[in-house]
**Q** 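Here it is, the structure in full.
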Amino acid sequence: MIPYKNILILIDSVHQAQVAAEKALELSDPSETCIHLVSVIQFQSVWQRIFYTKAYIQKQRYFTKRNAIAERKIEAIKAKIAAISPHTIVKTSIIIETAMSDQLIKYTMQYDIDLVVNTHKSTRSGLNWFKKDWSEELARKASVAVLTVTKGCLNHPIKSILLPVKSFVPERKIQVALAYAKKFNAHIHLVTLLDNNDSTAKIKVDAFYLTYKILSEYGHPPQYKILQGADSDAALLRYADQIKADMILVNPIKKKRIPGIMRQKMTDMLNPISALHILTLKPYLKRTI
């Protein structure tokens, strides 16, 4: 599982992609890992996204300009990777997305992407709330692990992993936590949040106990804590800060009919200079498209 075989970096901002590339190299092995640099071009207007085809957009001046910009960004990140790790294999691609296509999801499946390295974005506002979050889509639809990092995560060892437990035994989180713990000699912390009015409290406690038992049987008995209060991302982040966690494992939020405006994601709450790695994992590996 670690090092990863195929790591995807989505290129928007060159600065953010450079941070993602450096973190990807920390988690890779030049002899085993291929890094995929991908830029996604979307249609400019709502009408274009709905009615126009990929063949049409390729003939437009808008596409030519965006394609040239994407190529320059990709080459800049490719050069950065070559300077740090000249033997790392790099593949590049520019993908055109429409409202009716899932080309990026198909790409992750075609190349067996097992990790996406994403960078923390500044808090979304205005029309940015409605902009598709590709990393969240990949975590949810393609069951790809998405690692969100900041510049503070670079060259920061992962020695403490926070594993939240809710109403089921998080088997995939357990597998990943054990892999990171073995790779980096890290310690695992278990946490669950219980509200006095929570009707699923017993289910959570049972899942919490079973998770503790599984980790102990694999030789990594975790420290554990049952917190009182509402189950929220803000509460988990506060606890992660309290125990000085270097990584927290979370599940992607459920898709909303109106994206983004109902709930702020944990990755949106992340301090821009935090050293906390947030690894988003779908509970199960089923892929949908």
**Q** Quick one: does Asp246's side chain have a donor or acceptor within less than 3.5 Å of a partner on Ser160's backbone?
**A** yes
**Q** State, with a plain yes or no, whether a side-chain heavy atom of Thr211 is found less than 4.5 Å away from one of Leu190.
**A** yes
**Q** For Gln103 and Ile96: C-alpha separation, side-chain torsions, deciding distance, then whether side-chain contact (heavy atoms from CB on, under 4.5 Å) applies.
**A** CA-CA 7 Å; Gln103 298 304 316; Ile96 302 174; over 6 Å; no
**Q** For Val19 and Leu154, work out which heavy atoms get closest and say how close.
**A** O-CD2, 3.5 Å
**Q** Any side-chain donor-acceptor pair under 3.5 Å between His87 and Ser31?
**A** no
**Q** At what distance, to the nearest 0.5 angstrom, does CD1 of Ile243 lie from CZ of Arg238?
**A** 14.0 Å
**Q** Hey, are the side chains of Thr150 and Pro272 touching, using non-hydrogen atoms and a 4.5 Å cut-off?
**A** no
**Q** To check you understand the geometry: which heavy-atom pair defines the closest contact between Ser143 and Lys282, and what is its length?
**A** OG-CD, 3.4 Å
**Q** Under the side-chain contact (heavy atoms from CB on, under 4.5 Å) rule, what do Thr192 and Val205 come out as? Steps first, then yes or no, please.
**A** CA-CA 8 Å; Thr192 193; Val205 171; 5.8 Å; no
**Q** Could you check if a side-chain atom of Lys5 sits within less than 4.5 angstrom of a side-chain atom of Thr33, using non-hydrogen atoms only?
**A** no
**Q** Does OH in Tyr218 sit with more than 12 non-hydrogen atoms of other residues, nucleotides or ligands closer than 6.0 Å?
**A** no
**Q** Treating Thr200 as the side-chain partner and Ile203 as the backbone partner, does any N or O pair qualify as donor plus acceptor under 3.5 Å?
**A** no
**Q** Say whether, by atom type as modelled, one donor and one acceptor occur between the side chain of Ser274 and the main chain of Leu270 under 3.5 angstrom.
**A** no
**Q** Answer yes or no: is there a side-chain heavy-atom contact under 4.5 Å between Leu115 and Leu8?
**A** no
**Q** Return yes when atom CD of Glu32 has more than 12 non-hydrogen atoms of other residues, nucleotides or ligands closer than 6.0 Å, and no otherwise.
**A** yes
**Q** Parallel, tilted or perpendicular: which describes the rings of His277 and His156, with under 30° parallel and over 60° perpendicular?
**A** tilted
**Q** For Tyr180 and Tyr4, take the angle between the two ring planes, folded into 0 to 90°, and tell me which bin it lands in: parallel under 30, tilted 30 to 60, perpendicular over 60.
**A** tilted
**Q** Out of the candidates Leu27, Asn118, Ile7, Thr119, only one should pair with Leu147 under the side-chain contact (heavy atoms from CB on, under 4.5 Å) rule; please name it.
**A** Leu27
**Q** Before you tell me yes or no, could you show the steps for Ile273 and Lys151 under side-chain contact (heavy atoms from CB on, under 4.5 Å), namely the whole-Å CA-CA distance, both residues' side-chain angles and the distance that decides it to 0.1 Å?
**A** CA-CA 6 Å; Ile273 59 173; Lys151 193 171 183 179; over 6 Å; no
**Q** Around atom CZ of Phe184, are there more than 12 heavy atoms of other residues, nucleotides or ligands at under 6.0 Å?
**A** yes
**Q** How long is the straight-line distance from CD1 of Ile105 back to CD of Gln110, given to the nearest 0.5 Å?
**A** 13.5 Å
**Q** Shortest non-hydrogen contact from Leu162 to Ala245?
**A** CB-CB, 4.2 Å
**Q** Are Ile11 and Ile89 joined in one hydrophobic group, where the rule is that I, L, V, M, F, W and Y side chains link up if heavy atoms are under 4.5 Å apart?
**A** no
**Q** Which pair of non-hydrogen atoms, one from Val117 and one from Ala20, has the smallest distance, and what is that distance?
**A** CG1-O, 3.5 Å
**Q** Check the pair Leu215 / Ile174 against side-chain contact (heavy atoms from CB on, under 4.5 Å), numbers first and verdict last.
**A** CA-CA 7 Å; Leu215 290 170; Ile174 291 171; 3.9 Å; yes
**Q** Measure across Ala181 and Ile161 and return the closest heavy-atom pair with its distance rounded to 0.1 Å.
**A** N-CD1, 3.9 Å
**Q** Any carboxylate oxygen within less than 4.0 angstrom of a Lys/Arg side-chain nitrogen, looking at Lys202 and Asp206?
**A** yes
**Q** Name all residues meeting the side chain to side chain contact (heavy atoms under 4.5 Å, CB included) criterion together with Tyr111; count only those two or more places apart in sequence or in a different chain, and write none if there are none.
**A** His36, Lys91, Tyr107, Ile113
**Q** Any side-chain heavy-atom pair from Asn251 and Thr280 closer than 4.5 angstrom?
**A** no
**Q** Considering only heavy atoms from C-beta outward, does the side chain of Leu25 approach that of Ile81 to under 4.5 Å?
**A** yes
**Q** Find out whether Ser39 and Lys73 are in side-chain contact, i.e. whether some heavy atom of one side chain is under 4.5 Å from a heavy atom of the other.
**A** no
**Q** Quick check: does any side chain N or O of Lys173 sit under 3.5 Å from a backbone N or O of Pro164, one acting as donor and the other as acceptor?
**A** yes
**Q** Give a yes or no on whether the backbone of Ala24 and the side-chain of Ser28 come within a donor-acceptor separation of less than 3.5 Å.
**A** yes
**Q** Between atom CD1 of Ile214 and atom CD of Gln175, what is the distance when rounded to the nearest 0.5 Å?
**A** 10.0 Å
**Q** Taking the side chain as every heavy atom from C-beta outward, state whether Leu227 and Lys225 have any atom pair closer than 4.5 Å.
**A** yes
**Q** Does the side chain of Gln16 pick up a donor-acceptor pair with the side chain of Asp12 at under 3.5 Å?
**A** no
**Q** Nearest 0.5 angstrom please: Glu22 CD to Asn155 CG, how far?
**A** 7.0 Å
**Q** Should Ile69 and Leu10 be counted in the same cluster of Ile, Leu, Val, Met, Phe, Trp and Tyr side chains packed under 4.5 Å apart?
**A** no
**Q** Between atom CG of Leu237 and atom CD1 of Ile248, what is the distance when rounded to the nearest 0.5 Å?
**A** 6.0 Å
**Q** If I take atom NZ from residue Lys78 and atom CD1 from residue Ile74, how far apart are they, to the nearest 0.5 angstrom?
**A** 9.5 Å
**Q** Which heavy-atom pair separates Ala17 from Ile9 by the least distance, and what is that distance?
**A** O-CG2, 4.3 Å
**Q** For the hydrophobic clusters of this structure (ILVMFWY residues joined by side-chain heavy atoms under 4.5 Å, transitively), does one cluster hold both Leu163 and Ile226?
**A** yes
**Q** Between Glu26 and Lys23, does at least one N-O distance fall below 4.0 Å, as a salt bridge requires?
**A** yes
